[in-house]
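Working notes for the structure below.
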Amino acid sequence: MSELIKVGFLGIAGVLLAIQFRGSKPEYATYIGLAVSIIIFCFSLRQVEIIIGQFAKIKTYLNGTEGYLAILLKVIGITYICEFSSDICRDAGYQAVAGQIEVLGKLTVMFAGLPILFAVIEQIQSFL
(Lines give C-alpha, C1' and ligand atoms only; values in the text may rest on other atoms or scores of the structure.)
Protein backbone atom coordinates (compact mmCIF):
# COMPACT_ATOMS: atom_id res chain seq x y z
CA MET A 1 0.00 0.00 0.00
CA SER A 2 2.84 2.39 0.78
CA GLU A 3 4.32 1.75 -2.69
CA LEU A 4 1.02 2.78 -4.24
CA ILE A 5 1.02 6.03 -2.28
CA LYS A 6 4.62 6.73 -3.32
CA VAL A 7 3.83 6.07 -6.96
CA GLY A 8 0.71 8.23 -6.77
CA PHE A 9 2.66 11.15 -5.34
CA LEU A 10 5.42 10.64 -7.89
CA GLY A 11 2.87 10.76 -10.70
CA ILE A 12 1.22 13.90 -9.36
CA ALA A 13 4.58 15.62 -8.82
CA GLY A 14 5.73 14.67 -12.32
CA VAL A 15 2.54 16.00 -13.90
CA LEU A 16 2.74 19.25 -11.96
CA LEU A 17 6.38 19.67 -12.99
CA ALA A 18 5.54 18.91 -16.62
CA ILE A 19 2.71 21.47 -16.56
CA GLN A 20 5.22 24.13 -15.57
CA PHE A 21 7.26 23.46 -18.71
CA ARG A 22 4.38 22.88 -21.12
CA GLY A 23 3.98 26.56 -22.02
CA SER A 24 7.60 27.51 -22.57
CA LYS A 25 9.38 24.24 -23.39
CA PRO A 26 6.84 21.58 -24.41
CA GLU A 27 9.56 19.08 -25.28
CA TYR A 28 10.75 19.16 -21.67
CA ALA A 29 7.22 18.39 -20.52
CA THR A 30 7.22 15.34 -22.77
CA TYR A 31 10.60 14.21 -21.43
CA ILE A 32 9.45 14.63 -17.83
CA GLY A 33 6.29 12.66 -18.56
CA LEU A 34 8.31 9.91 -20.19
CA ALA A 35 10.77 9.74 -17.29
CA VAL A 36 8.01 9.58 -14.68
CA SER A 37 6.22 6.91 -16.70
CA ILE A 38 9.35 4.76 -16.89
CA ILE A 39 9.94 5.09 -13.13
CA ILE A 40 6.34 4.08 -12.41
CA PHE A 41 6.67 1.19 -14.87
CA CYS A 42 9.74 -0.03 -12.94
CA PHE A 43 7.70 0.04 -9.73
CA SER A 44 5.07 -2.04 -11.54
CA LEU A 45 7.66 -4.64 -12.47
CA ARG A 46 8.17 -5.39 -8.79
CA GLN A 47 4.51 -6.31 -8.52
CA VAL A 48 4.80 -8.48 -11.62
CA GLU A 49 7.59 -10.46 -9.96
CA ILE A 50 5.27 -11.21 -7.04
CA ILE A 51 2.50 -12.28 -9.40
CA ILE A 52 4.85 -14.59 -11.30
CA GLY A 53 5.75 -16.20 -7.99
CA GLN A 54 2.06 -16.82 -7.35
CA PHE A 55 1.69 -18.28 -10.85
CA ALA A 56 4.43 -20.75 -9.97
CA LYS A 57 2.21 -21.98 -7.13
CA ILE A 58 -0.76 -22.25 -9.50
CA LYS A 59 1.38 -24.32 -11.89
CA THR A 60 1.50 -27.10 -9.33
CA TYR A 61 -2.28 -27.51 -9.68
CA LEU A 62 -2.29 -27.55 -13.48
CA ASN A 63 -1.48 -31.06 -14.51
CA GLY A 64 0.03 -30.80 -17.96
CA THR A 65 -1.71 -27.56 -18.93
CA GLU A 66 0.96 -25.07 -17.89
CA GLY A 67 1.01 -23.74 -21.44
CA TYR A 68 -2.24 -21.90 -20.79
CA LEU A 69 -0.64 -20.06 -17.92
CA ALA A 70 2.28 -19.04 -20.15
CA ILE A 71 -0.17 -17.71 -22.72
CA LEU A 72 -1.95 -15.72 -20.01
CA LEU A 73 1.35 -14.14 -18.92
CA LYS A 74 2.22 -13.28 -22.54
CA VAL A 75 -1.15 -11.63 -23.07
CA ILE A 76 -0.81 -9.60 -19.88
CA GLY A 77 2.68 -8.47 -20.93
CA ILE A 78 1.49 -7.54 -24.41
CA THR A 79 -1.35 -5.43 -23.07
CA TYR A 80 0.85 -3.59 -20.58
CA ILE A 81 3.56 -2.84 -23.12
CA CYS A 82 1.08 -1.66 -25.74
CA GLU A 83 -0.86 0.49 -23.30
CA PHE A 84 2.33 2.05 -21.93
CA SER A 85 3.68 2.76 -25.42
CA SER A 86 0.43 4.13 -26.79
CA ASP A 87 -0.05 6.40 -23.77
CA ILE A 88 3.44 7.85 -24.24
CA CYS A 89 2.73 8.50 -27.93
CA ARG A 90 -0.66 10.01 -27.13
CA ASP A 91 0.87 12.32 -24.50
CA ALA A 92 3.44 13.45 -27.05
CA GLY A 93 0.60 14.35 -29.44
CA TYR A 94 0.89 11.41 -31.82
CA GLN A 95 -2.61 9.96 -31.58
CA ALA A 96 -2.33 8.12 -34.91
CA VAL A 97 0.79 6.26 -33.79
CA ALA A 98 -0.86 5.46 -30.45
CA GLY A 99 -3.87 4.05 -32.28
CA GLN A 100 -1.70 1.85 -34.46
CA ILE A 101 0.14 0.49 -31.42
CA GLU A 102 -3.21 -0.37 -29.86
CA VAL A 103 -4.37 -2.14 -33.03
CA LEU A 104 -1.13 -4.12 -33.17
CA GLY A 105 -1.54 -5.04 -29.50
CA LYS A 106 -5.08 -6.30 -30.07
CA LEU A 107 -4.01 -8.39 -33.03
CA THR A 108 -1.07 -9.81 -31.09
CA VAL A 109 -3.32 -10.72 -28.16
CA MET A 110 -5.73 -12.40 -30.55
CA PHE A 111 -2.88 -14.34 -32.15
CA ALA A 112 -1.45 -15.35 -28.76
CA GLY A 113 -4.85 -16.62 -27.62
CA LEU A 114 -5.47 -18.85 -30.64
CA PRO A 115 -4.06 -22.01 -28.98
CA ILE A 116 -6.61 -21.64 -26.20
CA LEU A 117 -9.41 -21.21 -28.72
CA PHE A 118 -8.30 -24.34 -30.56
CA ALA A 119 -8.16 -26.29 -27.29
CA VAL A 120 -11.71 -25.20 -26.44
CA ILE A 121 -12.94 -26.18 -29.90
CA GLU A 122 -11.26 -29.60 -29.54
CA GLN A 123 -12.94 -30.09 -26.16
CA ILE A 124 -16.33 -29.23 -27.62
CA GLN A 125 -15.81 -31.58 -30.52
CA SER A 126 -14.83 -34.42 -28.21
CA PHE A 127 -18.22 -34.13 -26.51
CA LEU A 128 -20.11 -34.33 -29.80
Side-chain angles (χ1 to χ4, degrees):
M1 183 70 166
S2 65
E3 294 247 341
L4 180 63
I5 293 170
K6 290 176 189 176
V7 169
F9 281 129
L10 175 67
I12 291 169
V15 167
L16 292 175
L17 184 63
I19 288 172
Q20 296 296 318
F21 285 101
R22 182 159 284 164
S24 61
K25 296 280 188 176
E27 64 274 5
Y28 289 167
T30 302
Y31 298 147
I32 291 169
L34 179 63
V36 169
S37 296
I38 290 172
I39 292 169
I40 292 173
F41 186 73
C42 290
F43 273 105
S44 301
L45 289 178
R46 289 184 190 167
Q47 300 300 318
V48 171
E49 290 175 2
I50 294 169
I51 291 171
I52 289 174
Q54 295 300 318
F55 275 138
K57 289 181 184 177
I58 292 172
K59 265 187 176 180
T60 61
Y61 299 112
L62 300 173
N63 297 325
T65 57
E66 293 90 7
Y68 298 135
L69 196 57
I71 292 171
L72 178 64
L73 285 174
K74 283 181 189 177
V75 167
I76 290 170
I78 291 166
T79 55
Y80 278 127
I81 290 168
C82 288
E83 185 174 349
F84 179 77
S85 302
S86 67
D87 285 346
I88 294 295
C89 293
R90 191 170 284 111
D91 287 346
Y94 294 96
Q95 285 78 14
V97 175
Q100 294 303 314
I101 291 172
E102 290 172 354
V103 168
L104 176 65
K106 291 173 186 175
L107 290 172
T108 307
V109 165
M110 187 176 71
F111 181 73
L114 283 177
I116 295 174
L117 177 63
F118 291 140
V120 170
I121 291 171
E122 287 175 7
Q123 285 292 327
I124 291 171
Q125 285 182 343
S126 69
F127 291 124
L128 298 177

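Keep in mind that what you see is a predicted model, and the values were worked out from it rather than measured. Numbering starts at 1 and runs along the sequence shown.
Ile121 meets the side chain to side chain contact (heavy atoms under 4.5 Å, CB included) test with Leu117, Gln125; sequence neighbours excluded. For the ring-ring contact (aromatic ring centres under 6.0 Å, His included) test, no residue two or more places apart in sequence or in another chain qualifies with Tyr31.
Ala29 and Ala18 make their closest contact through CB-O, 3.3 Å (heavy atoms, listed as atom of the first residue, atom of the second, distance). Considering every non-hydrogen atom in both Ile71 and Pro115, the closest pair reads CD1-CB, 3.8 Å.
At a threshold of 4.5 Å between side-chain heavy atoms, the hydrophobic network of Ile, Leu, Val, Met, Phe, Trp and Tyr places Ile51 and Ile58 in one connected group. Under the 4.5 Å side-chain heavy-atom criterion for ILVMFWY residues, a single connected hydrophobic cluster contains both Phe111 and Phe118. When hydrophobic clusters are built by joining Ile, Leu, Val, Met, Phe, Trp and Tyr residues whose side-chain heavy atoms come closer than 4.5 Å, directly or via intermediates, Leu17 is not grouped with Ile38. Both Leu45 and Leu34 are members of a single hydrophobic cluster when ILVMFWY side chains are connected at heavy-atom separations under 4.5 Å. Both Val36 and Tyr28 are assigned to one and the same hydrophobic cluster, defined by single-linkage of ILVMFWY side chains at heavy-atom distances under 4.5 Å.
For residues 18-30, no residue pair satisfies the salt bridge (charged side-chain N to carboxylate O under 4.0 Å, His left out) rule, not counting sequence neighbours. Among residue pairs with one or both ends in residues 36-46, those qualifying as salt bridge (charged side-chain N to carboxylate O under 4.0 Å, His left out) are Glu3-Arg46; sequence neighbours excluded. For residues 108-128, there are no salt bridge (charged side-chain N to carboxylate O under 4.0 Å, His left out) pairs, not counting sequence neighbours.
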Please list, one pair per line, the donor and acceptor atoms closer than 3.5 Å that link side chains of residues 84-110 to other protein atoms, with sequence neighbours excluded.
from, atom 1, to, atom 2, distance (Å)
Ser85, OG, Ile81, O, 2.9
Ser86, OG, Cys82, O, 3.0
Ser86, OG, Glu83, O, 3.1
Ser86, OG, Glu102, OE2, 3.4
Arg90, NH1, Glu102, OE2, 3.3
Arg90, NH2, Glu102, OE2, 3.0
Thr108, OG1, Leu104, O, 2.7

